[in-house]
Amino acid sequence: MGRGRSSRVPLRRSLLGRLLGVSALVAACSVAATAWLAVQTTSGAIKQEQGQNLTADARIYDTLLGYAARHPTWDGVDATVRELAEQSGRRVALTTQGRQPLADSATATAPPALPPEASAVVDPLSVDTVLAARSTEGQGTAADRIDPRAVGPFLLPAAERAALRRTADRNAVCLNRAGIASDVVVGPSGRPRVQMVGNDPERALGTRCDPSDLDAPTATEKEALSALDALADACLKRQGRDGVRLNQDLSWGEAVAVPRPAPLPSDAREAAPVPAVEPPRGLTGEDDRAIASCVGTARSEQLSSYVASPALLFIGDEGGATVPGFDLSPANTAKIAGAAALVLALTVGASVLAGARLVRPLHALTGAAQRMRDGEEHASVPVRGDDEIGRLAAAFNDMSAHRARLEEQRKAMVSDVAHELRTPLSNIRGWLEAAQDGLADPDPAFVDSLLEEAVQLQHIIDDLQDLAAADAGGLRLHPEPVPVEELLGQVAAAHQARAETAGVTLTVMAGAAPVLHADPVRLRQAVGNLVSNAVRHTPAGGKVTLRAYGEGPWSGPGPEVVVIEVADTGTGIPAADLPYVFDRFWRAEKSRSRRTGGSGLGLAIVRKLAEAHGGTAGATSTEGKGSAFTLRLPATAPSP
């Protein structure tokens, strides 16, 4: 019996059960929300068709209001009405207040009669603030009943617009350079203004920019404002109140002193009258209300000739028919419940099919993982499709195969390590037992033989320790500037005696090699391993050459990569064996002994040391002609 737990999981804890539960919950909520929205939307549409809810038609009202504010008559509004009707799918009609047709989107020869009650009155001088979706820019405030697009005599001519725009653009550029994000906004009258992010004008006080350049009224605005002042003062005078002087934004301050006629002396009837001037006085709340009323009346009087006359707006069904009411009766409720149940059943059914297809490959993955845990060397699952589950299965199969390869490598490594350690230990033990039994004399040759075996054993242990440290990322380096030519000379001198004994010529061709920033001890170890390996595999009369050179241009003078090459004229490596030369305990000739073939760890250490320096190790070889091992290491940047 396997050690793994059963793959069968209670439905309430399984992925399929959770998927079905979530799908059912989502479906139920969706059906309920859809039914509620359908009822609310239907009811709202019916109210809108019956003229009880015109909020949704505010865009039609606002568009026509803007047309009336910009045109003195309704001539030419037909195109706008037809466009609004096409966009909304509704019948849009405009009539005078006496119900004389102005424009109608109805296409029938004899259009249906209009409803007895209009949807709204389109009057830019008396805006319906509930329906109007308008901006508060331009003249007036948010509570003003006059549409801000009705500017009348305040509309700036092209020359004044251009002059103000240049000033506004200059101020915006100045503020942006000062780090204050700004943009130019143009109002309905054509007057631009500089709008700063955050709408905090005080931020500009610490700069050299002066947005107040735009505050001064133009000649057109002065003339229009003067006419408006006269109309407002006339209204106030009729109420026996002092006049006011309106600012550009139509606000006002203290009452303005106005001349009052004074009685003339009897002996100066021919003299010019001397007006008596009453001093200005403060404004009370009642004065403010009276002024506001007169300003509104004056604005309406001033703009009346610039805007279209009031019109009745009718919004309804194209055919004139009304939509029947919706009664949420028991029958309708049953219909909704039945439709909801059907949708829920279809959703659950689709979720079951989709969940089964989703969970089946996951079960296969789970079983394969459990078999792998129970000791099977290689467990794979079938890959179906190129979706997320298929890619997961392919990744699992790759991981399983990689794990099997690593396990084989581990077993081979353990066997090789045991073999490599067993040989010197057996020799040491044999010689010591022979000396103990009196079969061998502990002479200097005897001691030298034991010492050689101990040194070889220590060498293998040191190599294994270096590899373990490199695998764990604990290989510490102490980089410093290293002249490559000097380092190659040191390595050649250290191996010169062994090369002469083997009858091999050892030469160095460094030239003007650059300076590396590396750990000199570790770099000598890596190059020494390559030289030792080359000497070992080069027959008598052969040659081993060490050379270094730069490779690849970079941003400064000097190479980007420093290449250290150890080339020999030995037997070479077969092409099939070349990819494995840097593997641990690998030997090209399996029958070669430890004394002639080494431990099989030297080249593996070379690769780890090169990678620790940020470089790479490579090898090329031609069988029967020799091999070349290279270290490619990043060069240091030249000092500025």
Side-chain angles (χ1 to χ4, degrees), residues 463 482-516 518 520 522-552 559-584 586-589 592 596-635:
D463 287 348
V482 178
V484 178
E485 182 179 6
E486 180 180 335
L487 181 138
L488 295 185
Q490 293 173 354
V491 173
H495 290 79
Q496 187 66 42
R498 181 181 300 178
E500 292 176 353
T501 303
V504 176
T505 303
L506 188 61
T507 60
V508 178
M509 300 174 59
V515 175
L516 276 174
R522 292 297 189 183
L523 193 56
R524 276 196 300 270
Q525 179 184 0
V527 179
N529 285 356
L530 293 179
V531 173
S532 176
N533 184 71
V535 171
R536 187 183 304 115
H537 293 86
T538 302
K543 183 179 180 181
V544 175
T545 304
L546 286 74
R547 70 189 183 104
Y549 56 90
E551 184 179 86
E560 181 182 13
V561 175
V562 174
V563 181
I564 299 176
E565 181 183 88
V566 178
D568 61 64
T569 59
T571 57
I573 304 171
D577 294 334
L578 197 59
Y580 307 104
V581 295
F582 289 101
D583 291 350
R584 302 174 188 184
W586 183 87
R587 295 191 185 94
E589 299 180 16
R592 183 174 292 179
T596 59
S599 65
L601 296 174
L603 293 182
I605 292 176
V606 169
R607 181 172 64 179
K608 289 294 184 180
L609 290 175
E611 292 174 351
H613 282 86
T616 59
T620 58
S621 180
T622 302
E623 194 172 1
K625 294 185 178 181
S627 306
F629 289 82
T630 56
L631 297 177
R632 283 179 167 80
L633 306 174

*Could you go through the side-chain contact (heavy atoms from CB on, under 4.5 Å) check for Leu530 and Leu603 one step at a time?*
CA-CA 7 Å; Leu530 293 179; Leu603 293 182; 3.6 Å; yes
*Nearest non-hydrogen partners of Gly614 and Pro634, listed with the distance*: O-CD, 3.6 Å
Check: residues 561-569 side-chain donor-acceptor pairs under 3.5 Å, at least two apart:
| unit_1 | atom_1 | unit_2 | atom_2 | d |
| --- | --- | --- | --- | --- |
| Glu565 | OE1 | Arg547 | NE | 3.0 |
| Glu565 | OE1 | Arg547 | NH2 | 3.4 |
| Asp568 | OD1 | Gly570 | N | 2.9 |
| Asp568 | OD1 | Ser627 | N | 3.1 |
| Thr569 | OG1 | Lys543 | N | 2.9 |
| Thr569 | OG1 | Lys543 | O | 3.4 |

*Are any non-hydrogen side-chain atoms of Arg536 and Asn533 less than 4.5 angstrom apart?*
yes
*Return the set of residues passing salt bridge (charged side-chain N to carboxylate O under 4.0 Å, His left out) with Arg524 (not counting sequence neighbours), or none when no residue passes.*
none
*Is there side-chain contact between Leu609 and Asn529, with at least one heavy-atom pair below 4.5 Å?*
no
*For the residue pair Ala617 and Arg607, what are the closest heavy atoms and their distance?*
CB-CA, 4.0 Å
*What residues form a side chain to side chain contact (heavy atoms under 4.5 Å, CB included) with Thr622, not counting sequence neighbours?*
Lys625
*Drop me the distance from Leu487's CG to Glu485's CD, to the nearest 0.5 angstrom.*
11.0 Å
*So do Leu633 and Leu523 actually touch side chain to side chain, heavy atoms under 4.5 Å?*
yes
*At their closest point, which heavy atom of Ala548 faces which heavy atom of Leu488, and how far apart are they?*
CB-CD1, 4.0 Å
*Val606 versus Phe629: any side-chain heavy-atom pair under 4.5 Å?*
no
*Partners of Arg632 by salt bridge (charged side-chain N to carboxylate O under 4.0 Å, His left out), sequence neighbours excluded?*
Glu551
Let me have the donor-acceptor pairs involving side chains of residues 500-508, under 3.5 Å, with sequence neighbours excluded, atom names and distances please.
| unit_1 | atom_1 | unit_2 | atom_2 | d |
| --- | --- | --- | --- | --- |
| Glu500 | OE2 | Gln496 | NE2 | 3.4 |
| Thr501 | OG1 | Ala497 | O | 2.9 |

*Nearest heavy-atom pair of Ala610 and Leu631: which atoms, and what distance?*
CB-CD2, 4.0 Å
